[in-house]
Amino acid sequence: MNNNIALVQLQLQKLRQQITQHNYHYYVLDNPTVPDAEYDRLFRELQQIEQDYPQLVTPESPTQRVGAAPLKAFSQIMHQIPMLSLGNAFEETEVEAFDRRVREGLSVDAVEYAVEPKFDGLAVSLCYEYGILKTGATRGDGNTGEDITLNLRTINSIPLYLTAENVPALLEVRGEVLMLKADFLKLNQRQRAKDEKQFANPRNAAAGSLRQLDPAVTATRNLSFFAYGIGRVEGGNRPQNKHSDVMAYLVASHFPVAKECQVVTGLQALLTYYHEIGTLRDDLPYDIDGVVYKVNALSQQEKLGFVARAPRFALAHKFPAQEAMTKVLDIDVQVGRTGALTPVARLEPVFVGGVTVTNATLHNADEIKRKDVRIGDTVIVHRAGDVIPEVVSVVLAQRPAQTQSFVMPVQCPVCGARAIRLEGETVARCTGGLFCPAQQKQAIIHFASRRAMDIEGLGDKLVEQLVDNAIVRTPADLYKMGLAALVNLERLADKSANNILAAIEQSKQTALARFIYALGIRNVGETTAKSLAQYYGSLDRLMDTAIEDLLLVPDIGPIVAQSIVDFFAEPHNCEVIEQLRLSGVCWQEHEGKPIPAAAETAVSGKTFVLTGTLSNMNRDDAKEKIEAQGGKVTGSVSKKTDYVVVGADPGSKYDKALNLGITILDEEKLQVLLQ
Ligand code: IVH
């Protein structure tokens, strides 16, 4: 241990500076200068020295962001300069009127404005005394807010002390605390994994996190801060002339500010900025609810002054709200192209996200249950950009008496076939397969595809026309179709119609494996179809088989076996197959032969769970490959899981795997294992 306190002091100072600098690059500039490991090393070194010399610990040390014990309640803090609100505009005419008032008030022809995004978070004020962060408070009533200093200290992008030269004796920094969209999604994923309450949107998540009495909880929430102005300043170097100077000063003082700030002149430029940011909105890392226009010259701001609680020199130009309240008139179940049943709320029309919304997705049975959405409920609907509108939550206080929980149907609402939900899947699916109109197009496109029946010229567009015109409903109808029906379709010449009919005729001679694959049985890809053809040798034997027998086929696990049995248990499917055979679709059959079990591999006997999007293969392929080597793929992570394969944007399964300490594989590692 170094006994020379002065030397230790120096070393501490240097470490703190280094770490603060790295923090700044990482959290504010979003451009880390050192690897995480190096940062961690410095941090641990600092922690160690501080442990050895507790008398040298200062509140500004980067180790002291989360230090204090939970509070009993927040106390009040008076702002040195009140925190005001902004006048709102929704229409361009209101912006026009604002610009006119400003020009007239200043007696000028054109005004220079600082323009910024309007963050959808919570306003806070940070108070620095001689460069050291002393207090932080919510806006409250504008004059007095709650003391949330301990929580604000946990936000890594907020400087604990200022390093600029000649810092003011007092500096109030104003800005917004928010949660980045990405951090919000991760937080909700973690909450789901822990079976804890999820947040409706990033703003609520940020508010809930700031309101924590225990700063240790806030510290886990990854909040962000963006500065947009200053309050009182006493002494030191201070920006004199323009709001844009204030922003530059904040940047130089290492505060995060929005990258989208600009200085523009005149009304037209304001509107252009509004539309520019509007198109960027969904791609920004944080939620915004509009843009803010501020007269740039501070002298002009002063001249314009205030009305009531809002400045005359600034205006918030709001975007159409992305959330609105409305009533659930009914809940329908839609059948997607793959047979997935999606519950959809039919809504009393409501204007949200710039359009009138009458339907919103409820995703699946689990989501309905979690949100407990009922017919008659008042709900909050969210619509962002081109995203499908969704029901975020129910306003329970407005629930009418005698509502009932919604129950998913056990039959497909389109074709009446059984709807089943396989183990580990979130959605229920219609088992109607080839018969269900909702799935017909997709089934026919798959049936005709190159690796299935290989009907050249029968593309997606044509299939759509055929189904829409009720010429074809099932793959069997393709073989009954005449020239007349085809040439009646738009844009189809005699010659191509004849070519297609010839291709259909030609496809009748096929192979059993192709035919099985063409049926589009869930979870039966090409490889599985080949194994089935080899093992059974005849379609009838396959159709009559039982799960126990299917499990003897080397690459077939319980889920695939179940899908096969379900498919052939559906009378409609058997009917279509019968018709296909009657039309002359045929293949060579044989005795069938047992396939030797795959050799012991790293995969055989192991249980896998897949989560997230894989880039080089889709999940079905991955599953097929794992099963081909005798591995098992299940839908949920448990102690029995051997590997969790993680792609991009993984779900809560990833968190669960981490919690249980299960081996995580990325796509590359999976490939290696499969080899
Ligand atoms: S300036 C005197 N700039 O909007 C004007 N406010 O309605 C003080 N807000 O509570 C505010 N983004 O939380 C300003 N770039 C921005 C902002 C912004 C969001 C919020 C702020 C305030 C509310 C005013």
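Quick note: residue numbers are just sequence positions, from 1. Atoms within a ligand are numbered from 1 in the order they appear, just like the ligands themselves.
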Polar pairs, ligand 1 vs protein, N/O only, below 3.5 Å.
unit_1, atom_1, unit_2, atom_2, d
ligand 1, 3 (N), Lys294, NZ, 2.9
ligand 1, 4 (O), Lys118, NZ, 3.2
ligand 1, 7 (O), Leu86, N, 3.2
ligand 1, 12 (N), Phe119, N, 3.0
ligand 1, 13 (O), Glu176, OE1, 2.4
ligand 1, 13 (O), Glu176, OE2, 3.4
ligand 1, 13 (O), Tyr228, OH, 3.1
ligand 1, 15 (N), Glu116, OE1, 2.8
ligand 1, 15 (N), Pro117, O, 3.1

For residues 82-97, dump all side-chain donor-acceptor pairs below 3.5 Å to protein atoms at least two apart in sequence or in another chain.
unit_1, atom_1, unit_2, atom_2, d
Glu92, OE2, His275, NE2, 3.0
Glu94, OE2, Phe90, N, 3.0
Glu94, OE2, Glu91, N, 2.8

Side-chain atoms of residues 325-332: list all donor-acceptor pairs with protein atoms under 3.5 Å, sequence neighbours left out, distances to 0.1 Å.
unit_1, atom_1, unit_2, atom_2, d
Thr326, OG1, Glu348, O, 2.6
Asp332, OD2, Arg346, NE, 2.7
Asp332, OD2, Arg346, NH2, 3.1

Checklist line | Side-chain heavy-atom pair Pro168, Glu234 within 4.5 angstrom cut-off | finding: no
Notebook entry, point to check: Between Ile288 and Tyr286, is any pair of side-chain heavy atoms under 4.5 Å apart?
Noted result: yes
Notebook entry, point to check: Salt bridge or not for Asp377 and Lys371, using N-O below 4.0 Å?
Noted result: no
Check: How would you list, by chain and number, every residue that makes a side chain to side chain contact (heavy atoms under 4.5 Å, CB included) with Tyr130, sequence neighbours excluded?
Finding: Ala169
